[in-house]
Amino acid sequence: MPNYLGLDGFRFGWVAAWIDDRGGHCFDYSPGLTRLLAMPHARAMIDMPIGLEPSGYRACDLHARELIGPAVFLGARRDLWTFPDMAAANRYYWAHEGQGRGVSAQLWNIRDKLREVDAIMTPVRQATIGEAHPELIFWNLAGRIRLESKTSPRGRAQRVALLKDRGFTKIETWLTQRHGTGIGRDDLIDACACAVAARDSKQFVGDGKTDPRGLRMEINY
């Protein structure tokens with residue numbers, strides 16, 4: 001029975017949720033991606049940019065931001081992880097691309113995970129492992145409307161309800177089992193959303209371009 005895998009990063013590594021065509025579902029976590037991606041799967045979606053240009057903003061990020069707002073980080077670039085600190089990165093980008101074209105603290109803080117994903121991805125692997133954005137997925141599942149903030153009780157309840165409707169009936173129990181793992185509540189919810197996209201998504205935003213390594217720059221939802 002095919003498994004559909006969703007992955008999201010958290011402070012100590014990665015959390016994965018999966019669901020199969022019979023409705024069986026579970027979650028796991030690991031410091032690295034390798035073991036989680038070794039689990040048999042028909043398709044996987046990961047909440048992390050795949051396909052990076054050395055400069056500028058990706059068209060898929062700009063399009064996604066038009067749809068769901070600032071939940072989409074702009075400025076994911078190849079080799080961001082090579083700068084010694086965020087200030088050095090921003091000095092470089094401001095000098096070469098203009099003021100205001102630097103990186104946010106949120107993007108800087110995921111630079112090692114950007115590198116980890118980039119290191120394992122190839123055009124061949126991209127046939128079954130894609131990039132997704134949980135907020136874009138939830139926007140689509142909710143009938144293309146923006147939900148309340150995911151940090152609010154109502155926003156969280158909206159997202160949990162959408163996941164339960166799509167087969168993740170154990171999500172509320174899982175949220176009580178994550179304590180002591182370092183997995184944030186939103187990390188587990190987002191991994192489940194990515195698994196739903198791995199199973200159901202037939203849409204993406206992007207301009208069809210590939211990066212210097214031949215990776216398509218697109219966000220599935």
Side-chain angles (χ1 to χ4, degrees), residues 6-15 31-33 45-121 130-140 146-152 155-156 159 182-191 193-194 197 204-207 209-213 215-221:
L7 302 110
D8 190 34
F10 72 104
R11 182 179 177 186
F12 302 117
W14 299 87
V15 57
L33 277 173
M45 290 290 167
I46 184 166
D47 178 18
M48 194 62 57
I50 295 174
L52 300 168
E53 293 279 19
S55 63
Y57 292 169
R58 304 188 310 163
C60 57
D61 292 328
L62 291 168
H63 190 175
R65 183 171 270 222
E66 290 176 1
L67 298 174
I68 61 171
V72 181
F73 301 157
L74 298 178
R77 300 170 176 94
R78 180 164 302 288
D79 298 332
L80 172 62
W81 49 85
T82 63
F83 292 96
D85 52 49
M86 180 177 162
N90 279 333
R91 283 194 301 270
Y92 177 87
Y93 294 130
W94 292 338
H96 290 81
E97 299 184 35
Q99 288 292 322
R101 300 283 287 190
V103 296
S104 64
Q106 296 97 322
L107 187 58
W108 175 254
N109 289 336
I110 64 170
R111 65 194 183 283
D112 289 337
K113 286 185 166 56
L114 279 173
R115 174 171 57 182
E116 187 176 356
V117 170
D118 189 62
I120 68 165
M121 285 304 300
E131 174 185 349
H133 194 296
E135 288 305 293
L136 196 58
I137 297 165
F138 284 125
W139 169 83
N140 188 52
R146 295 189 193 182
L147 303 179
E148 299 289 327
S149 168
K150 69 178 183 179
T151 61
S152 71
R156 189 170 298 122
R159 288 161 177 78
I183 300 168
R185 182 186 290 107
D186 295 335
D187 303 325
L188 184 50
I189 288 172
D190 287 352
C194 287
F204 64 88
V205 291
D207 59 2
K209 291 184 179 179
T210 57
D211 78 352
R213 295 187 54 223
L215 298 171
R216 296 188 311 280
M217 295 179 285
E218 61 188 30
I219 303 175
N220 298 273
Y221 63 94

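Count residues from 1 along the sequence.
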With side chain to side chain contact (heavy atoms under 4.5 Å, CB included) as the criterion, how do Ile68 and Tyr221 come out once you've worked through the C-alpha distance, each side chain's angles and the decisive distance to 0.1 Å? CA-CA 12 Å; Ile68 61 171; Tyr221 63 94; over 6 Å; no
Check: [Y] main-chain N/O paired with [X] side-chain donor or acceptor under 3.5 Å:
X      : Y      : value
Asn109 : Ala105 : yes
Asp8   : Leu188 : no
Glu116 : Leu33  : yes

Measuring from [X]:[atom1] to [Y]:[atom2], what's the distance to the nearest 0.5 Å?
X      : Y      : atom1 : atom2 : value
Asn90  : Gln99  : CG    : CD    : 9.0 Å
Glu135 : Asp47  : CD    : CG    : 9.0 Å
Ile219 : His133 : CD1   : NE2   : 6.5 Å
Cys60  : Lys209 : SG    : NZ    : 11.5 Å

Among residues two or more places apart or on two chains, list those pairs meeting ring-ring contact (aromatic ring centres under 6.0 Å, His included) that have a residue in residues 66-91.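 Qualifying pairs: Phe83-Tyr92, Phe83-Tyr93.
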Hey, are the side chains of Leu114 and Pro49 touching, using non-hydrogen atoms and a 4.5 Å cut-off? yes
Side chain to side chain, Arg213 and Leu52, heavy atoms closer than 4.5 Å: no
Under the salt bridge (Lys or Arg N to Asp or Glu O under 4.0 Å) test, residues paired with Lys150 that sit two or more places apart: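 For Lys150, the residues satisfying salt bridge (Lys or Arg N to Asp or Glu O under 4.0 Å) (neighbours in sequence not counted) are Asp190.
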Counterpart residues, salt bridge (Lys or Arg N to Asp or Glu O under 4.0 Å), relative to Arg111 (two or more places apart):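 Scan of Arg111 (salt bridge (Lys or Arg N to Asp or Glu O under 4.0 Å), adjacent residues dropped) gives none.
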Distance-minimising heavy-atom pair for [X] and [Y]:
X      : Y      : result
Arg156 : Asp186 : NE-OD1, 3.9 Å
Val103 : Gly75  : CG1-O, 3.8 Å
Glu53  : Pro212 : OE1-CD, 3.7 Å
Leu215 : Gly51  : CB-CA, 3.9 Å
Ala193 : Phe138 : CB-CZ, 3.6 Å
Cys194 : Ile46  : SG-C, 4.4 Å

Applying side chain to side chain donor-acceptor pair (under 3.5 Å) as the test, list every pair that has at least one member in residues 54-74; sequence neighbours left out.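 Every pair satisfying side chain to side chain donor-acceptor pair (under 3.5 Å) with a residue in residues 54-74: Arg58-Asp61, Arg58-Glu131.
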Sequence neighbours excluded - salt bridge (charged side-chain N to carboxylate O under 4.0 Å, His left out) pairs with any residue from residues 77-93: Arg77-Glu97, Arg78-Asp118, Arg78-Asp211
Arg115: what forms a side-chain hydrogen bond (donor to acceptor under 3.5 Å, both in side chains) with it, not counting sequence neighbours? Asp112
